[in-house]
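Worksheet: the structure to be examined is printed underneath.
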Amino acid sequence: CNLQPKDAAKMPESAWKLLFYTLSWSYGIYLLFFTDYPFFYDPPSVFYDWKKGMDVPTDIAIAYLMQCSFYGHSIYATAYMDTWRKDSVVMLLHHVVTLTLITFSYAFRGGGCPIPGTIAGEVGRGSEHPALGADGPAPCRAVGPDELGRFWFRLYWFPLKVLYATCYSSLQSVPNIPFYFFFNALLLVLTLMNIYWFLYIVLFVVKVLMGQMQEVNDVREYDVEDSKKT
């Protein structure tokens with residue numbers, strides 16, 4: 001594809017994530033919109049008739065397995081395989097928090113962390129990289145559908161559908177629900193990370209509008225040449 005060496009080095013990482021997110025996103029869409037689960041339209045429903053030790057349906061268990069295996073691998077990949085970026089430490093923390101949520105959610109049958117917390121997020125999850133370089137005019141790329149989708153899904157729907165259900169609705173359905181603070185604290189950490197990554201997009205737009213960027217690059221990446229000069 002006549003890629004530059006730096007871009008060629010990132011190609012396997014991007015291709016792998018494209019493959020996985022395409023599969024997981026499609027499966028998440030199937031669970032949310034093509035089954036009888038009312039999770040998307042009525043998120044608090046995950047707590048209706050909740051009880052300890054309840055069975056996890058097979059199709060939901062598959063979603064748990066997919067996400068758990070991916071984020072388990074991602075911890076290793078981010079540390080030793082992927083291109084190191086300014087936010088890689090935050091990315092590692094994100095993977096650890098997400099894996100913890102998925103594992104404990106399955107173990108305690110969604111107690112405090114509803115099942116859609118593991119699949120609804122996939123509907124809005126594209127690349128976790130907030131400002132990847134692309135061909136085309138920078139101003140157009142800066143406000144592209146990926147960035148608008150990130151805002152809509154992660155900063156609007158995630159709090160509206162997931163945090164509202166876990167922080168408020170869960171106590172209405174199960175007053176003494178176990179691990180309430182544990183799960184919600186981790187979900188709030190993920191929300192702060194979403195805000196942190198969205199600020200990269202804001203920074204990107206500001207730099208473009210002020211003429212500080214001649215090329216469309218990932219604003220999280222270290223500039224090797226500048227580092228050498230420094």
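Since we're looking at a predicted model, the values are computed, not measured.
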If you count heavy atoms of other groups shown closer than 6.0 angstrom to CD of Gln4, is the number above 12?
no
Parallel, tilted or perpendicular, as decided by the 30° and 60° cut-offs, for the rings of His73 and Trp16
perpendicular
For the pair Trp197 and His94, name the ring-plane relationship: parallel under 30°, tilted 30 to 60°, perpendicular over 60°.
perpendicular
Below 6.0 angstrom between ring centroids: does that apply to [X] and [Y]?
| X | Y | result |
| --- | --- | --- |
| Phe153 | Phe158 | no |
| Trp157 | Tyr164 | no |
| Phe104 | Phe179 | no |
| Phe70 | Tyr21 | yes |

Heavy-atom side-chain contact between [X] and [Y] under 4.5 Å:
| X | Y | answer |
| --- | --- | --- |
| Leu101 | Leu190 | yes |
| Tyr168 | Pro44 | no |
| Val97 | Leu93 | yes |
| Leu155 | Phe198 | yes |

Between Asp59 and Tyr37, does the side chain to side chain donor-acceptor pair (under 3.5 Å) criterion hold? Intermediate values first, please.
CA-CA 11 Å; Asp59 50 1; Tyr37 298 120; 2.7 Å; yes
Considering only Ile, Leu, Val, Met, Phe, Trp and Tyr, and joining two whenever side-chain heavy atoms are under 4.5 Å apart, list the other residues clustered with Met81.
Tyr76, Tyr80
Sidechain-backbone polar pair: Ser88 side chain, Arg85 backbone, donor-acceptor under 3.5 Å
yes
Go through it in stages, so that I can follow the logic: the residues are Thr103 and Gln67, the test is side-chain contact (heavy atoms from CB on, under 4.5 Å), and I'd like the CA-CA distance, side-chain angles, deciding distance and then a yes or no.
CA-CA 10 Å; Thr103 303; Gln67 298 300 323; over 6 Å; no
